[in-house]
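Have a look at the structure below, then the notes.
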Amino acid sequence: MSPPTTTLPSGDELPLVGIGTWNIDGDTVRESVRAGLDAGYGHIDTAEGYRNEREIGDVLSEYDREDVFLTSKVLPKNLDYESVIASCEASLERLGTEYLDLYLIHWPNPAISLRETLDAMATLHDEGMVRNIGVSNFDAYQLSCARHIADVPIAVNQVEYHPWNTQDALLEYCRGTETVIEAAAPFGRTDVFADETVQDIAAAYDRSPAQIVLKWAVENEIVVLPKSTSPEHVRSNLDLFDWTLDEEDHNRLDAIDHHQPVYDLPTRDWTDDTYGIAE
């Protein structure tokens, strides 16, 4: 079953469930992506920083490109104008495609002008290399600034979102500005599977904890990007659309927020390969 979609400002349709590919590469990511496309996902999320674009491109060559909504991201160390252009061109080459459906700023970088970055994203859009642009891991303040100066609509903000970290204030701002929220780490890197409420509801519905967490997020109008190295789990993560959570159970999941991120932490290693900012 193909998942429902949400409409971006461009009119493009973004499937509500995508294949997450962070931290998997080689034959493992090939197998995961192939299983997802065969199951009907039609939406792949990657990034230059994931170092798996070439393998994903290998699999994409086996399918009709127009049937796949493809996202990649530019590393924060590459957010100056020329580097954004070069990074996108390199991602296109590795993925074996002439365009990206969505291109994201992977993380904000306070050492590089956001205006310069968004000017480059607009160039990519105008030249047809990128159909939609967005950001990732931006808070409401950063997103507000980006929206103020962007010449192309900021279609998406991909952030950490799961039952232990719902970021309600950010969601409220995104909904008020019609910015689609995508959930990175929708399982909290599997930490939330151990939550007693999640386990109780999963048992009651005869579903996996993963399916319960994903169903809850989709019912909250969040695009989810689950990652799995198991083709069986990839397929089961899409089995969300012929059943619903009772309102009481949905509300129970709403109530377990710990304000506990698993990766979007206050501190950064500014000198690592992600940012590359010299002292």
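All of these numbers come straight from a predicted model, not from anything done at the bench. Quick note: numbers below take in every heavy atom, side chains included, and nothing from hydrogens, waters or symmetry partners.
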[Y] reachable from [X] in the ILVMFWY side-chain graph, under 4.5 Å edges:
X      : Y      : value
Ile181 : Tyr263 : no
Tyr275 : Ile105 : no
Val33  : Val68  : yes
Tyr99  : Ile85  : no
Tyr205 : Leu238 : yes

Is the backbone of [Y] close enough, under 3.5 Å, to the side chain of [X] for a donor and an acceptor to pair up by distance?
X      : Y      : value
Ser87  : Ser83  : yes
Glu182 : Asn157 : no
Asp246 : Glu248 : no
Glu31  : Thr28  : no
Asn251 : Glu247 : yes
Tyr103 : Cys88  : yes
Asn78  : Val84  : no

Identify the two heavy atoms, one from [X] and one from [Y], that lie closest to each other, and give their separation to 0.1 Å.
X      : Y      : value
Leu240 : Gln211 : CD2-O, 3.7 Å
Val234 : Ser32  : CG2-OG, 3.6 Å
Glu160 : Pro261 : OE2-CA, 2.9 Å
Val17  : Asn237 : CG1-O, 4.3 Å
Gly42  : Leu37  : N-CD2, 4.1 Å
Phe193 : Pro209 : CD2-CB, 3.8 Å

[X] bridged to [Y] by N-O distance under 4.0 Å:
X     : Y      : result
Arg34 : Glu62  : yes
Arg94 : Glu55  : no
Lys77 : Asp272 : no
Asp58 : Arg30  : yes

[X] side chain to [Y] side chain, donor-acceptor N/O pair below 3.5 angstrom:
X      : Y      : answer
Asp119 : Thr117 : no
Thr179 : Thr177 : yes
Thr123 : Asp126 : no
Thr46  : Asn52  : yes
Asn132 : Ser10  : yes
His250 : Asn220 : yes
Thr97  : Arg65  : yes
Asp191 : Trp164 : no
Ser91  : Glu53  : yes

Taking it one step at a time, do Val159 and Phe138 satisfy side-chain contact (heavy atoms from CB on, under 4.5 Å)?
CA-CA 7 Å; Val159 299; Phe138 274 46; 5.9 Å; no
Stepwise salt bridge (Lys or Arg N to Asp or Glu O under 4.0 Å) test for Lys227 and Asp45:
CA-CA 10 Å; Lys227 180 200 79 171; Asp45 181 84; over 6 Å; no
With rounding to the nearest 0.5 angstrom, report the [atom1] to [atom2] distance, [X] to [Y].
X      : Y      : atom1 : atom2 : value
Ile256 : Asn165 : CD1   : CG    : 11.5 Å
Ile154 : Leu8   : CD1   : CG    : 12.0 Å
Ile112 : Ile277 : CD1   : CD1   : 7.0 Å
Gln158 : Ser136 : CD    : OG    : 4.5 Å
His162 : Asp257 : NE2   : CG    : 8.5 Å
Glu13  : Asp101 : CD    : CG    : 12.0 Å

Could you check if a side-chain atom of [X] sits within less than 4.5 angstrom of a side-chain atom of [Y], using non-hydrogen atoms only?
X      : Y      : value
Pro9   : Glu178 : no
Thr6   : Val223 : yes
Leu171 : Thr166 : no
Arg252 : Asp249 : yes
Val74  : Trp107 : no
Ile133 : Leu104 : no
Val213 : Pro163 : yes
Phe187 : Pro226 : yes

Is it true that, when you exclude [X] itself, more than 12 heavy atoms of the residues, nucleotides or ligands shown sit nearer than 6.0 Å to its [atom1]?
X      : atom1 : value
Gln199 : CD    : yes
Arg175 : CZ    : yes
Asp64  : CG    : yes
Gln260 : CD    : yes
Arg268 : CZ    : yes

Dump the intermediate steps for side-chain contact (heavy atoms from CB on, under 4.5 Å) on Met121 and Val152, then the final yes or no.
CA-CA 8 Å; Met121 299 287 269; Val152 179; over 6 Å; no
Aromatic ring proximity, centroids under 6.0 angstrom, Tyr50 and His106
yes
For the rings on Trp216 and Tyr161, is their centre-to-centre separation under 6.0 Å?
yes
List the steps and the verdict of side-chain contact (heavy atoms from CB on, under 4.5 Å) for Leu143 and Cys174.
CA-CA 9 Å; Leu143 179 56; Cys174 289; 3.6 Å; yes
Please assess Asp239 against Arg207 for the test salt bridge (Lys or Arg N to Asp or Glu O under 4.0 Å), listing each intermediate value before the final yes or no.
CA-CA 10 Å; Asp239 184 12; Arg207 297 281 177 172; 3.0 Å; yes
For residues 59-84, the ring pair (Phe, Tyr, Trp, His ring centres under 6.0 Å) pairs (sequence neighbours left out) are His43-Phe69
